[in-house]
Protein chains: 2
Amino acid sequence: MRRKTKATSIDIAHRAGVSQATVSRVLSGSPLVNAETRKRVEAVARELNYKVDRHASSLRTQRSATLALLLFEDPTADESHINPFFHAMLGSITRACARHGQDLLVSFQQLSDDWHADYEDSMKADGMILLGYGDYLEYRDKLQSLVEQGTRFVRWGAVMPGQPGVSIGCDNHAGGRLVGEHLLALGRRRIAFLGDASSHYPEFFERYRGCDAALQAAGLAMDPALQVDAESSEEAGDAAARTLLARGQGFDAVFAASDLIAVGAMRALAEAGLQVPADVSVVGFDDIPMARFTRPPLTTVAQDTTRAGELLVETLLRQVRGEPAESTLLPVTLVVRRSCGAGQ
Amino acid sequence: MRRKTKATSIDIAHRAGVSQATVSRVLSGSPLVNAETRKRVEAVARELNYKVDRHASSLRTQRSATLALLLFEDPTADESHINPFFHAMLGSITRACARHGQDLLVSFQQLSDDWHADYEDSMKADGMILLGYGDYLEYRDKLQSLVEQGTRFVRWGAVMPGQPGVSIGCDNHAGGRLVGEHLLALGRRRIAFLGDASSHYPEFFERYRGCDAALQAAGLAMDPALQVDAESSEEAGDAAARTLLARGQGFDAVFAASDLIAVGAMRALAEAGLQVPADVSVVGFDDIPMARFTRPPLTTVAQDTTRAGELLVETLLRQVRGEPAESTLLPVTLVVRRSCGAGQ
DNA sequence: CTGAAAGCGCTTACAG
DNA sequence: CTGAAAGCGCTTACAG
């Protein structure tokens, strides 16, 4: 990145009085170098601000020490509006990459785009991390063809048997159960669910089923009349809550499939003259930063994004090294704030 | 990224019955190729799913077709909490890079880290985009040394004469002025400012001064007793509003230096029993997605992030090509919602 | 318009 | 422990 001519390993070799091969050994941390020699070379390298040329190195080793992050979104979604939860993931993935000496190429894609076409054969990255919302049944085939092509990837999402490739996800079912149990303990019985609840969106669906499992354990069940589809956005949450209200079915709690949906729903509820939590408990999912600043503060389910990022990177690197890698489910925790009627 | 052996330009050459050089010419879009030959080569390349090896290409051309985005943060800031505004920028930068055929390497850094050490000489990127909040007087020296080393970079931030390097930023002064004029028109006179207002944080300072300019034009002025320092976060906004209230100085409007600060301040004001906008007008800056979903919805100043991302990338690429590049100021617009007392 | 050839800056068997 | 040499897959003057 400088205009001045860059130092090469040959320059270092001359100055240090060794061969270029030795310089390379020193800088790649090879043990086959005399300690004294190493010191001398390192000193010269530092002095000339020498850095190994990544392209030359990668060309030779056929490894790029780079991972690609593909953030994909539903084509119908607003372009500029990415779930804050994914931003937390982006941060933790970036840091995990840094810890593992990997660079991170970031790209936004539409679900409809041809993911594999680009990174696959140009050696830009050794593997890719897939992160996004969208119709699972739609991109499932894409995952399948990635597997068939031998592409290394990890995906953040629902972890289910028989999926193509390796997935890391949080325990959505357990999260839903925690929410259901908590609302039951607060005396709520008619729990509405705002978010898609079908195999097209398995993460939301698992949250729904977890909540349902809690109700069933108490001899109750989720009422399909209280479920309204919504993608993860404030707008969708607002619209879904209006739809719910318009149905005229009684409910005493809203379980929003994501915090964004919860924020939108809370606005719609307030405009309808309903008090949260006095009239309706509201619970979200994700624990985005804003959840502490809604009024009232939002009870929600927190996912460990730091661990998630680390695990995504580790699992992908395992594949890159040819080691076996498996899907993992991460635990979640219920964060109780005031919107449910209990707590602080 | 595939396990199967990758096709090279030589494979394509054999199959297409031309030399490897011709294949290279076709794939780099050279005009020196017969149309028929081009067609044949392209067909074979498509069939074998051939992609130019980026490392080989970059090694040869000494260009990486990759830009680096450094998101830096104040070391004191919460690691996981990045300003939503920067996420919008990240999205637009990513898309602009895609349009210009550039890959984007993303990295998070602390203000204290040694930025230049990493990307500078390893040829990972042709230039870098700097995006972050932090004490300007602290990182100014770093910018200066980047310039001296001939590193190509653009920075998002305040645009002022005599700055090291090239900056793209929005017209913070004009934004502040719009806010001041609007609040005056609504009959507000005592405008508090929540956010740092010193040359350490020139973007906030310009917003402050713009508002002050509007007041001065009306024979008034900002009252330093109504200014409270705050970095860009909800927590800081909450704390700053409490400090302001504790001072016991009367005020009828709050101009928050960012939407995040505004969100925190609105919570503190509500807890103090103040009505927005009846008792106090609140205006933010950035127009983050959440601004439409605060209660009441937040009046704020919108920056054109799409144009900003495009301009950052374009300006950086101009430098990479050795063309002159200059700092640019982008216009802003006032988005009137209900928190100021006017509008919708 | 096309081909043969040099060379980008490394890594890594191979030989000592 | 060290060096000489081959070669990773391209691009681009050079010659025709």
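Only this structure's heavy atoms are used, side chains among them; waters, hydrogens and symmetry mates stay out. Chain letters run A, B, ... following the sequence lines, proteins first, then strands; residues in each count from 1. Bear in mind that the values here come from a model prediction, so they are computed numbers and not experimental data.
For the segment residues 18-28 of chain A, the set of residues with a heavy atom within less than 4.0 Å of an atom of DNA chain D comprises Val18(A), Ser19(A), Ala21(A), Thr22(A), Arg25(A), in numerical order.
Stem analysis of DNA chain D (Watson-Crick or G-U pairs, both distances under 3.5 Å, runs of at least three) returns C:1-3 with D:14-16, C:5-12 with D:5-12, C:14-16 with D:1-3.
Going from atom CG of Asp53(A) over to atom OG of Ser9(A) covers 9.5 Å, rounded to the nearest 0.5 Å.
Separation of the Phe108(A) and Phe72(A) ring centroids does not fall under the 6.0 Å cut-off.
Between the side chain of Arg318(A) and the main chain of Pro324(A), no donor-acceptor pair closer than 3.5 Å is present. Ser327(B) places a side-chain N or O within donor-acceptor distance of the main-chain N or O of Ser167(B), the cut-off being under 3.5 Å.
Other residues, nucleotides and ligands contribute over 12 non-hydrogen atoms within 6.0 Å of the NE2 atom of His100(B).
Taking the charged nitrogens against the carboxylate oxygens, Glu310(B) and Arg99(B) do have a contact shorter than 4.0 Å, which makes a salt bridge. A salt bridge links Arg15(A) with Glu47(A): the distance from a Lys NZ or Arg NE/NH1/NH2 to an Asp or Glu carboxylate oxygen falls below 4.0 Å.
Only the C1' atoms considered, dT12(C) is 16 Å distant from dG16(C), to the nearest whole Å.
Checked against side chain to side chain contact (heavy atoms under 4.5 Å, CB included), Arg60(B) has no partners two or more places apart in sequence or in another chain. Listed by chain and residue number, Tyr136(A), Arg140(A), Leu143(A), Gln144(A), Val147(A) satisfy the side chain to side chain contact (heavy atoms under 4.5 Å, CB included) test with Pro164(A) (two or more places apart in sequence, or in another chain). In this structure Ser64(A) satisfies the side chain to side chain contact (heavy atoms under 4.5 Å, CB included) test together with Ser58(A), Thr66(A), Asp126(A), His55(B), sequence neighbours excluded.
A 4.0 Å heavy-atom criterion places the boundary nucleotides of DNA chain D facing chain A at dC1(D) to dG9(D), written 5' to 3'.
Across all strands shown, Thr37(B) has heavy atoms under 4.0 Å from sugar-phosphate atoms exclusively, and none from any base.
Residues Asn34(B) and Leu59(B) each lie close to DNA chain C; by heavy-atom proximity, the contact nearer the 5' end of the strand is made by Asn34(B).
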